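Presented below is the structure to which this report refers.
Residue indices begin at 1 and follow the sequence shown. Quick caveat: nothing in here was measured; it's all calculated off a predicted structure.
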Amino acid sequence: MNAIADKNQLQAYINSLSKLSDDLLGIEVDLTAHPFSTGQTELIDSIKNRKAGELHPLVNRKAFIEHLSKLRNGAEKYLEEGHV
């Protein structure tokens with residue numbers, strides 16, 4: 001949010017989050033640039049120790065959608081409160 005300069009940029013960000021959560025895209029993996037803020041760093045051991053045939057811990061559509069929802073809710077609140 002610190003790089004958003006105005007309401008138009010913020011609305012574009014919100015729209016992008018909505019597009020990413022579209023079921024037609026079917027995105028299941030969140031490869032965030034900030035894994036420490038999304039709980040992904042806690043998955044390192046389970047990724048390293050994953051056995052053949054086990055699902056990869058990062059393949060989690062539900063977690064991805066929940067993350068997008070939190071981001072969208074925060075951005076909408078930021079917009080409503082007039083921070084931009």
Looking only at heavy atoms, what is the nearest atom pair of Ile27 and Arg61, with distance?
-> O-NH1, 2.7 Å
At what distance, to the nearest 0.5 angstrom, does NZ of Lys51 lie from OG of Ser46?
-> 11.0 Å
Might you work through the salt bridge (charged side-chain N to carboxylate O under 4.0 Å, His left out) test for Lys62 and Glu66, ending with a clear yes or no?
-> CA-CA 6 Å; Lys62 182 180 179 211; Glu66 287 173 0; 3.7 Å; yes
So OG1 of Thr38 and NZ of Lys70: to nearest 0.5 Å the spacing works out to 9.5 Å
Going from CZ on Arg72 to CG on Leu20, what distance comes out if it is rounded to the nearest 0.5 angstrom?
-> 9.5 Å
Here the gap from Phe36 atom CZ to Glu42 atom CD, rounded to the nearest 0.5 Å, amounts to 11.5 Å
Contact check, side chains of Phe64 and Val29, non-hydrogen atoms, under 4.5 Å | no
Is any side-chain heavy atom of Asp6 less than 4.5 Å from a side-chain heavy atom of Leu10?
-> no
Compare every heavy atom of His83 with every heavy atom of Glu81, then report the nearest pair and how far apart it is.
-> OE1-NE2, 2.8 Å
Between NE2 on residue His67 and CG on residue Asn60, distance to nearest 0.5 Å = 12.5 Å
Atom pair NE2 (His34) and OG1 (Thr41), whose distance is rounded to the nearest 0.5 Å | 13.0 Å
With hydrophobic residues grouped by side-chain heavy-atom distances under 4.5 Å, do Leu79 and Leu68 end up in a single group?
-> yes
Is any side-chain heavy atom of Tyr78 less than 4.5 Å from a side-chain heavy atom of Ile4?
-> no
Any side-chain heavy atom of Lys77 within less than 4.5 Å of one from Asn73?
-> no
Main-chain N/O of Ala12 paired to Ser16 side chain as donor or acceptor, under 3.5 Å = yes
Do the side chains of Pro57 and Gln40 get nearer than 4.5 Å, heavy atoms only?
-> no
Could you tell me whether a side-chain N or O of Gln9 sits under 3.5 Å from a main-chain N or O of Ala5, the two making a donor and an acceptor?
-> yes
Please check if atom CG in Leu25 has more than 12 non-hydrogen atoms from other residues, nucleotides or ligands closer than 6.0 Å.
-> yes
Are the side chains of Asp30 and Leu58 in touch, meaning some heavy atoms are under 4.5 Å apart?
-> no
Smallest heavy-atom separation, Ser18 atom then Ser21 atom, equals O-OG, 2.9 Å
